[in-house]
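Presented below is the structure to which this report refers.
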Amino acid sequence: MAETYEEAEEKIMKSGRSSKAFGRLIRMIIGQKRETLLLVTAVVISAISGTVYPLALGYAINGVVQRNAILLALYALLFILSYLIRFFFNRLRTITSTKLAQITVKKLRDDAFSTLQYTPMSFFSKVKTGYLISRISNDAENLSDFLTFQLPQVIGGITTVIISIAIMSYLDFSLTLYALIIIPVMVTFTISLQGKIRKNYLRTRKTIAAITGNLAENISSIRTIKSFGVEDRTYDDFDMLNRKNFSANIKASFLSSIYGSAVNIMESAGIAIVIVAGSMQLMSGLITVGLLVSFIVYVQEFFDPVLQLSQLYNSYQASVVGLVRIFGIIDSPTEASFSGLRVNPEIFEKLEFRNVYFSYGKEDVLKDINLTIRKGDKLAIVGHTGAGKTTLLNLFLRFYSPTGGTIMLNGTNIEKVSIKSWRSLISPVLQDPFLFDGTVLENIRFSRPEVDLDLINKLAREYGLDEIFDSLPNGLATRVGEMGRNLSEGQRQAISVMRAFIRESPFIVLDEPTSQIDPESETVIIRSLKKYLENRTLVLITHRFSMLPLADRIVVINNGMVEGAGGFHDLMERSPTFSELYSIHNAGKR
């Protein structure tokens, strides 16, 4: 059985790739040299100033005890100054870390989105859209918070602790040992919770990705949901996912609160140990009151970074899961032949399918396809649903590569030709045209935004599509709505056809272009296609015999194989599938 997306993700986390991903992230950050240098400077100076004020406080108290006004004033001033320096450099640290985090997250999102533009279609058949949205949106945002706040705070806190321990050891080594007694207990406790916290944060990321996927699917299919009256069932499905996410977050928060509470108890125990041990030394005259106060403040300073570390650890677990997922997109294989030979439209002579096989899995969907398309040919491909027509078109568009045999362009294996260059030769009109939210004009200009409005109006009149566009409320300025929901099927397809026309490519590919539109719109579109095809090559996928007059040669696909090829009357005699399709067509007209 094929490995599920969730199983693959779990395997990645267990394989140790999470630590490699984090190292890769750090290298990306260090690459921003100016911001990194500013951040390190701000963190170090802030940490140093944070170790000065407990010492200044202790000496100021000694000044009070000794009734020494000069000593009191001097160290009180140092205390205030250390706070001001710390405040200024903390601000610089926040500003710099925010900029550095946003630069990093922007690059990750850019790289992930760029990769998605060039991944093969097979990738999108395996990964849910909602998961991809969740990765680039939610996971990147979590990473931004982690890099902006938690990581710089903890690095600064750890630096403060290291300097504090050095100062404490210099002041009184034995009291320093008492202050550090609780540290091994805390480290052991942290390690014991590590696995559970990581597991729960992975679960929260999975559940929020599932919710995002469910939302994307349900919102895009709201018409179908309402048409079948299954609102309650879809709500129940969403509620189940939402409850799983609720449960995962509650459990993760519960573990985090346990950790935070335990650290608070350990902090109190550590301070109590220092007070008891320090008081005994104070009564023996070994230390001053000010030194004891400094030690108590230093111990509190120990535990502030530890509490931050607990927040960092939780945030780290959530962020590293997201980071692995984002790098998973960035490192996805892209279409192998996006670089390669460039094709000049004027030199196209012949495209050949030579003994082509294709399989999505174990069984071949296409078997031993031999087919030649010459410049100027008008080829129609017909067959029953599931016969392999669309798969053949997918190979033509190079969404997939053959699993056997070769496709040759002018005698050259098409795999050596740049995919971008090859697709520039093709104007596609698909069965279910996708329209972007915007105006009719913006959708027509989708692949060529520079095309002049006057030229579009001229071509619309020339090909007879102006009557459809003129019927719209604001003509070409009419907003189509999300996925073209403000328009009829005929109007949507007219936009798709016009979008193909202005591309001015030598090939036009039609995939059931009129299967969902009304007869009147079909008549207009067929008439416009006839005029456009005069000097171009056509590949038509259809089951509607009304489209066949556009073609001068018909290929019948049955069970993944070419059953016959030729003209209409020839196929009626030689191809059982074709004559059957014709009978079905005529029966549907009655």
Exercise for the section: Would you check if V382 and V555 make a side-chain contact, meaning some heavy-atom pair closer than 4.5 Å? Expected result: no
Handout entry: Residues K378, E534: salt bridge by 4.0 Å N-O rule
Key = no
Problem - Residue among L393, L540, I557, V556 satisfying side chain to side chain contact (heavy atoms under 4.5 Å, CB included) with I381 - result: I557
Problem - Test salt bridge (charged side-chain N to carboxylate O under 4.0 Å, His left out) applied to D237 - qualifying residues, sequence neighbours left out - result: none
Handout entry: Ion pair check, E504 and R448, cut-off under 4.0 Å
Key = yes
Exercise for the section: For this output row, return yes or no: ring centroids of F545 and F578 closer than 6.0 angstrom. Expected result: yes
Exercise for the section: Taking the six-membered ring of Y532 (Phe, Tyr or Trp), confirm whether the NZ or CZ of R536 is under 6.0 Å from its centre and within 45° of its axis. Expected result: yes
Problem - V429: partners by side chain to side chain contact (heavy atoms under 4.5 Å, CB included), with sequence neighbours left out - result: Q493, S496, V497, A500, I508, L510, P513
Practice task
Report the distance from atom CG of L379 to atom CZ of F396, rounding to the nearest 0.5 Å.
Solution key: 9.0 Å
Fill in the blank from the handout: Sequence neighbours excluded, the answer for side chain to side chain contact (heavy atoms under 4.5 Å, CB included) partners of Y357 is D364, K367, D368, T403
Practice task
Answer with yes or no whether the side chains of T391 and Y360 bring together a donor and an acceptor at under 3.5 Å.
Solution key: yes
Problem - Salt-bridge contact K106-D110 (side-chain N to carboxylate O under 4.0 Å) - result: yes
Problem - Pairing of E462 and R527 as salt bridge, 4.0 angstrom limit - result: no
